[in-house]
Q: 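This is the structure I want to talk about, given as structure tokens.
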Amino acid sequence: MLAKIKSKWTYLAIAALLVFLILVPFDWFLGQYKGLAIFIGISTMVTVGLCLLMGYTGQVSLGQAAFYGLGAYFSAVLSKTYDVNPWLAMLIAAIATGGFAYVIGYPIFRLRGNYLAMATLGLGLIMWILFRQLSQFTGGPDGMAGIPYLSIGSFVFDTSFKRYFLVWFFCLAILLISQNIVQSRTGRALRAIHGSEAAAESIGINVAQFKVKIFVLSAVYASLAGSLFVHHLRFVSPQPFDFLASVKLVVMAVIGGLASVWGAIFGAGTTRILSDELLLSFGEWDIAIYGLILMLVMIFTPEGLFVKLKDVFGRLRLRHSERGAES
Amino acid sequence: MQNHLKWVVAIALITALVAVGGMSCTSEEEEMETYKVGAVFSLTGPASHLGVPEGQTVKMIVDQINANGGINGHPLEVIIYDTETSAEKCATMVTRLIEQDNVLAIIGPTTSGNSLAIIDMVTAAEIPNISCAASTLIVQPVEERYWVFKTPQTDKQAVTEIYIYLEAQGITEIAIITDTSGFGAAGRDILIADAADYGITILDDQNFTSGDTSMQSQLTHIRGTNPEAIVCWATDKESAIVAVDMQTLQMDTPLFCSHGIANMGFITGAGDAANGVIFPAGKLLIVGNVPASDPQKEVLTQYKADFEALYGEGTVNTFGGHAWDALNFVIIALEEMEEGLDTAEARAFIRDEIEQIEGFVGISGVFTMSPADHLGMMPGSLAMIEIVDGEWTWLQ
Amino acid sequence: MSADQFVQYLISGLTQGSIYALVGLGFTIIYAVTRIINFAQGEFVMLGGMLSFTLAISAGLHLVPALLLSVLIATAMGAIMYLLAIRTAKRASAVSLIILTIGAAIFIRGIAGELWGVDFVRPPFFTGRESISFLGAYIHPQALWIIGTTIVVTILLHLFLSYTMVGKALKACAISPRAAGLVGIDAKAMALIAFAIAAALGAIGGVVMAPLTLTAYNVGVMLGLKGFVAASIGGFKNPLATVAGGIVLGIVESLAVGVDWGPFTSSYKDAIALVVLLLILILRSGRLAAEERES
């Protein structure tokens, strides 16, 4: 009985979400926010990877913006300077970024905790310095403009309206793929690792390999997001890939819930809405508020805000259904 | 499995969002009466000491205009957003100004990087944009900059002033030390590219990053090459450190700086190491020495008086002046605008009017725009200034 | 490069290295006692400098009381940060604590930006600005203060840790938190003391370097990073190693500018610290992993 209700709810919820998402960019609905919605979608893509990485390996990445930036710059340089087809450029970017993550993944994951965090921090900063300094390729600190739009045949993604659907198509695809992974054998292995690495090792799971795989996956997600980002703005510069950007991504992941897939939308959404809508006239306060949010969430709900909310609602519902079953 | 519950939560939150969104949609009844202009400045982030005076200047002008009955009776409203000196944030805010706030024109951004980032956006939206940033690329190639104008002198003009001066002094061998930021890097490119035109050889090319606390190593290296002058291209904090380090190292090579040091911060930061430093800047800093015959005298004096009355003595600087010029371009256009135009027509009209500006006496200089020149700054707008005894004096 | 230049590179590097050392000491103390990396360490340095400016210039206090008060206030803030943020996050994982201290750092920076504005400030020099000639090179008197302070602080810290009860208790925690607990040392009290000392050290550094380096609300990031690298070179073990690490870093950075080789330009100077950091992490990864597992 309970099972049937569950699946009915789930399908209904998914349908409602889809309908909502489809309607957003229309002017009579929430069309004036479609720019914001595009950024939320892009941020969600990076955040999902980070949530999985942090949630299932128990380690923090303070340089995730580096992968985001790599995807962005690869796409930008290939499609603008070398006239490569933007889709191909995006693919190359994802492969290159993933490959890079694979190569540095093994040495990095030999570290733990604090040291791993510092390594990712150092990595992120070095990438940022390279983005700035290799100006022959990257356009230097002022970046480069004139990046072409994505297009399919003669259909060009030249308006925010069209790009909204493109971005959210990718975003939902990634979310579904991640959901799949989490519920598959790989997901179970990851949960085993999360529970206890020693135990996981003892039943034959190659812990290091799984960690690197998740790392690579998160890098690929971030790269795709970066590519979509530059084809939206038609501009790339090092600024969106600095340390603060990586921190904001961590904020999104933490609010969304580590190890949560769909929570990433929540995390990215609330953070973006906070920074782009609600905190506009606050000057430097908005940095202070991020800091405060980070602290409060880590003190009271270290497994993630969204996850905690889910639990709270879950407990309420359980109590409610128990009472229902009794009567 | 509690999957469905997170859905419920999500839906609930989404619904709440919609409600809020819907409410803000309908409650924003647009006053066709008010003229709405948008502004994006770096109110926070690395360029904030440029952006903050820009924002302050804009507020000052808006208050003045509205106190005098507005523009042809229409109140003026300038919506100012902070770009955090981030291209992405800037793009987000510009999109918001265009799509949500429906402004007629956009002034700013503060930095070249941000300005370049939004060119495609304002062109696609067909809205006039008057940037307050330095790079020449903002208005060139002008065929692709139909909607974009700018008010500050370009880096190239500033470098030219310095090189002309050096040439006149018979200096041929220099060293340059620049910041790796956008401003510094742009200056460096021009310094290197134009040196030969003035018979100048660059003996040493050193860099530092914003946030560095010592340039002594770079200066020691420069000292080894024995240049006749050193040109430093950075904003005030790092330039002040360069000046102090030079003093510590007892280097008496003449130091030339960029227009990035055109504020009191450099002088308080460098202390007496600032004396003897020469740099090009708008005449605002030496308005006292400007002769009455100069067309800018009156405008400069008035701006300085108004700004310092509001924000304190000695606070006026050339960056705020860029915003003054930009907003006034828009105001001039609005004054000529007829009633009843819709947003798209109004934007096109404003753009056309700005392009026809002739002989406008501004803070940064005297402007004459044309389809071929969207900066329009007449020569003589920059002055070479030397710091003597902690004060700015005009080198003529 | 000439001999004079070489000496100058060394002296400039020594000054910068001392700055890094002062920042790094705070990292080392907190990490050794609590195994926490305090990302907010750079902010304490910033606070020291900013407070000294406000007290000495805006409030017009005499120099010495202004400096003392700045350090005291920063110390108090370090203690408060520990009590409010760290202690309330009971049994948080290393990852959570990292994010927590990052949050604290950003929070402090944001508040500082609002309170003091975005402009940089220069507190007064301690003893004037006539540069001093030394072995063919020059050094600013404030730089002598920086180097001198580093030496004095290191000696005092060493004496404190080796010869006082509290100091020895801190050392015990550094060697093994579990064993320390077994002999009756209160880990929480030690952590509080460590945070307070680290904040004090940071503020002292900030106070003495700000007149020379110019300070603003956002200097904490860069300084914190360099200080962290200094501490990691020293292995987070003891003050002497940290100071050595800082000085090594400062001198390497300085000399790298002086040596003209290949594509390296001074624009990559800051990357040196990062590369050093990554090298240390990679080379020591085995030992570090064992340490992490122990705690």
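These numbers come from a predicted model, not from an experiment. Just so it is clear, the values below take in all heavy atoms, side chains as well, and ignore hydrogens, waters and symmetry mates. By convention in this document, chain letters (A, B, ...) are assigned in the order of the sequence lines, proteins followed by strands, and residues within each chain are numbered from 1.
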Q: Supply the atom-to-atom distance T248(B) OG1 to Y138(C) OH, rounded to the nearest 0.5 angstrom.
A: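 Output value for this atom pair is 11.5 Å.
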
Q: With chain B as the partner, which of K226(C), M209(C), Q8(C), R129(C) has the greatest number of non-hydrogen pairs under 4.5 Å?
A: R129(C)

Q: Apply side chain to side chain contact (heavy atoms under 4.5 Å, CB included) to Q142(C) and V244(B), showing your working.
A: CA-CA 12 Å; Q142(C) 194 67 28; V244(B) 171; over 6 Å; no

Q: More than 12 foreign heavy atoms under 6.0 Å from CH2 of W116(C): is that the case here?
A: yes

Q: Taking it one step at a time, do D212(B) and M222(C) satisfy side chain to side chain contact (heavy atoms under 4.5 Å, CB included)?
A: CA-CA 8 Å; D212(B) 276 357; M222(C) 186 70 117; 3.6 Å; yes

Q: Please report the C-alpha distance between D4(C) and R223(B) in whole Å, then the side-chain angles of each, then the deciding distance to 0.1 Å, and finally whether the salt bridge (charged side-chain N to carboxylate O under 4.0 Å, His left out) criterion is met.
A: CA-CA 11 Å; D4(C) 279 351; R223(B) 180 186 232 155; over 6 Å; no

Q: Start with the C-alpha distance between V257(C) and Q206(B), add both sets of side-chain angles, then the distance that settles side chain to side chain contact (heavy atoms under 4.5 Å, CB included), and finish with yes or no.
A: CA-CA 9 Å; V257(C) 172; Q206(B) 292 291 323; 3.6 Å; yes

Q: With a cut-off of 6.0 Å (strictly less than), are more than 12 heavy atoms of other residues, nucleotides or ligands near CD of E308(B)?
A: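 More than 12 heavy atoms, drawn from other residues, nucleotides or ligands, come within 6.0 Å of this atom.
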
Q: Check whether I11(C) gets within reach of chain B through its side chain, its backbone, both or neither, counting any heavy atom under 4.5 Å.
A: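 Answer is neither: I11(C) stays 4.5 Å or more from chain B.
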
Q: About how many Å separate OG of S12(C) and CG of L219(B), when rounded to the nearest 0.5 Å?
A: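 Here the interatomic distance stands at 9.0 Å.
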
Q: Side chain of Q5(C), backbone of T220(B): donor and acceptor closer than 3.5 Å?
A: yes

Q: Check each atom of S254(C) against the heavy atoms of chain B and say whether the ones under 4.5 Å are side chain, backbone, both or neither.
A: both

Q: Let me know which of D236(B), I241(B), T235(B) forms a side chain to side chain contact (heavy atoms under 4.5 Å, CB included) with F120(C).
A: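 In the set D236(B), I241(B), T235(B), the residue that makes a side chain to side chain contact (heavy atoms under 4.5 Å, CB included) with F120(C) is D236(B).
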
Q: Does R122(C) reach the main-chain N or O of A270(B) with its side chain, forming a donor-acceptor pair under 3.5 Å?
A: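 Checked: no pair found.
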
Q: Working to the nearest 0.5 angstrom, can you tell me the gap between K237(B) NZ and T215(C) OG1?
A: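 It comes to 7.0 Å.
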
Q: So which part of D272(B) gets closer than 4.5 Å to some heavy atom of chain C, the side chain, the backbone, both or neither?
A: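 Both backbone and side chain.
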
Q: Tell me if the CD atom of E130(C) is crowded by more than 12 foreign heavy atoms within 6.0 Å.
A: no

Q: What residue, out of G265(B), S217(B), G211(B), has the most heavy-atom pairs lying under 4.5 Å from chain C?
A: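 Heavy-atom pairs under 4.5 Å are most numerous for S217(B).
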
Q: Select one option (side chain, backbone, both, neither) describing which atoms of T225(B) are under 4.5 Å from chain C's heavy atoms.
A: neither

Q: Going by distance alone, is a donor N or O of one side chain under 3.5 Å from an acceptor N or O of the other, for Q247(B) and S131(C)?
A: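 Checked: Q247(B)/S131(C) side chains show no N/O donor-acceptor pair below 3.5 Å.
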
Q: Answer yes or no: does atom CZ of F6(C) have more than 12 heavy-atom neighbours from other residues, nucleotides or ligands under 6.0 Å?
A: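 No, the 6.0 Å shell around CZ holds no more than 12 heavy atoms from other groups.
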
Q: Between CD of E253(C) and OG of S214(B), what distance do you get to the nearest 0.5 Å?
A: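 These two atoms lie 9.5 Å from each other.
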
